[in-house]
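Report on one structure; see the data block that follows.
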Amino acid sequence: MTDELRAAVAAGVLGSEDQYRALLQSVVDVARAIFRAKASSILLLDTETDELVFEAAADEASESLIGKRFPSSTGIAGFVLVSRQPLVIEDVLADPRFSRETAESTGFVPKGLMAVPLLHEENALGVLEVLDRPRDARFTLAEMELLGLFANQAAIALDLLQRARRAQSALLGEGELGVLARVAEALEKLRGDEDGSRESALRLLTELERLL
Amino acid sequence: MSSRRRGSYAAGVSEELPAWSLTAEGAERITLPEEWPGEITREWAWGGATGAGARVCVLDSGIEAGHPLVGEVEQSVAISIEGEEVIIEENDTEGDLCGHGTACAGVIRSLAPNCELVSVRVLGAGYTGSGAVLLEGLRWAIEQGYDVINMSLSTTKQKFASLLHELADTAYFRRTMLIASAHNMPVESYPWRFSSVISVGSHEQEDPYTYYYNPAPPVEFFARGVDVEVAWNGGGRLVCTGNSFATPHIAGMAALILSKHPELTPFQLKSVLYLTATNVGGGA
């Protein structure tokens with residue numbers, strides 16, 4: 001099977017862009033809640049343009065950020081991405097050069113920031129940030145570990161999102177294979193139906209395969 | 001600050017010393033320049049030392065020279081790649097593009113106030129190509145024969161692993177101690193996983209001189225890395241957490257030890273760090 005065919009079939013079976021976005025949204029929502037933070041966001045690396053793009057944000061003020069981009073080695077998020085090292089920083093305001101442009105575009109400048117790289121296999125896919133966690137206790141390594149666990153989850157979600165996007169774009173490039181995606185999608189929807197229509201459709205497809 | 005240069009094994013020393021095999025008469029010629037004391041204490045290791053004479057390279061985002069917690073920076077170099085060409089700017093004026101390198105430099109300075117600090121900037125040109133720039137920056141730094149290279153960064157790219165491994169071993173044989181941040185997640189990244197470097201993770205205590213040897217590698221030492229007050233851009237200070245702040249604590253102590261015992265090889269330096277670790281002989 002060619003890559004395009006696989007992609008076409010996969011595009012029908014894979015979750016939609018919206019579903020992956022919902023998964024990322026749930027990661028940032030939970031991260032924000034667990035750390036009792038003011039905000040949390042996920043930035044995805046766009047390797048084509050070498051930029052970081054806001055993909056998800058857990059507070060209303062930051063929702064307008066989604067889709068915003070900045071150069072991949074800018075500020076703390078950029079450092080975390082390139083160095084692959086998680087960082088926790090308090091009093092970010094004390095740093096006059098802390099991603100001023102990015103911070104201003106978000107509408108608020110955080111006092112504290114936790115940032116962790118989203119690593120999947122050998123690739124850094126993006127960065128998970130948790131902003132303004134209450135400063136009522138010393139930071140602990142247990143929290144760092146928790147942040148790492150969230151990062152793993154977010155990295156898997158980002159990887160799935162990217163795969164889905166690649167599959168969709170391969171499909172757009174091969175318009176005539178769109179029917180395969182639609183058939184795969186329809187079959188996927190019929191899974192679990194008990195009226196036998198899925199079996200009938202599969203028998204028909206088997207006949208079609210024989211014919212081809 | 002006086003600068004100290006020392007020949008590599010390749011430049012001269014190996015002609016006189018038996019490098020590959022040891023004949024009967026050769027045994028006399030490898031007498032060590034200093035007698036190893038019966039017991040290694042912190043007092044022997046770095047008592048009275050200021051770091052003077054030790055050359056420490058910070059491979060990072062740059063260093064803000066003149067920061068009150070950093071002071072003088074001997075040289076600032078920037079590495080970039082254009083096409084196939086590696087560009088080494090030996091008088092980089094960009095300073096620190098993030099603040100992180102300044103933070104590391106400040107920690108080293110706090111422990112070894114008179115050491116010589118050099119910045120090799122390998123960050124700032126974007127994510128794409130960052131692995132190659134890291135590799136070239138490390139190569140350049142090793143060629144300069146620094147005593148210590150502080151690397152609070154790593155790459156996950158498999159294609160750089162063997163080249164980085166080769167460079168780490170070259171540094172080890174040329175008496176440059178590579179001190180690198182470990183990952184606090186189960187991630188395969190380099191060069192901290194190689195045994196020719198000293199890898200550092202964090203502990204939660206506040207004493208900058210408390211550090212532990214880890215008998216269950218790959219992470220070999222744990223140093224202060226939680227809620228550390230560090231230098232940051234614009235003459236500022238921040239409170240930071242991460243293995244990348246633990247690493248310069250060990251680098252600073254390595255600079256202290258080497259300023260007092262410049263003849264130590266990386267193997268011996270690692271042994272001294274082990275013997276003086278808080279959970280070994282340094283807790284008393």
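Computed from a predicted model, the values in this text were never measured in an experiment.
Residue Ser189(B) does not touch chain A at all, counting heavy-atom pairs closer than 4.5 Å. Interface residue Leu141(A): backbone and side-chain heavy atoms are both found under 4.5 Å from chain B. Both the backbone and the side chain of Val226(B) come within contact range of chain A, judged by heavy atoms closer than 4.5 Å. Contact annotation for Ala182(B): only backbone heavy atoms (N, CA, C, O) come within less than 4.5 Å of a heavy atom of chain A.
Within the 4.5 Å cutoff, the side chain of Lys157(B) has heavy atoms near those of the Asn123(A) side chain. Residues Val239(B) and Phe139(A) fail the side-chain proximity criterion, which asks for heavy atoms closer than 4.5 Å. In this structure the side chain of Cys240(B) never reaches within 4.5 angstrom of the side chain of Val88(A), judged on heavy atoms. At least one side-chain heavy atom of Leu87(A) sits under 4.5 Å from a side-chain heavy atom of His100(B). The side-chain heavy atoms of Asp60(B) and Phe79(A), taken from C-beta on, include a pair separated by under 4.5 Å. The side-chain heavy atoms of Glu90(A) and Leu238(B), taken from C-beta on, include no pair separated by under 4.5 Å.
Residues Arg84(A) and Thr156(B) have side chains that bring a donor and an acceptor to within less than 3.5 angstrom of each other.
Judged by distance alone, the side chain of Gln85(A) and the main-chain N or O of His183(B) form no donor-acceptor pair under 3.5 Å.
The only member of Leu153(B), Leu134(B), Leu123(B) that meets side-chain contact (heavy atoms from CB on, under 4.5 Å) when paired with Val82(A) is Leu123(B).
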Verdict with supporting geometry, Glu188(B) and Glu122(A), side-chain contact (heavy atoms from CB on, under 4.5 Å): CA-CA 8 Å; Glu188(B) 288 276 336; Glu122(A) 64 167 35; over 6 Å; no
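Pairing each heavy atom of Cys98(B) with each of Gly75(A), the nearest pair is SG-O, 4.3 Å.
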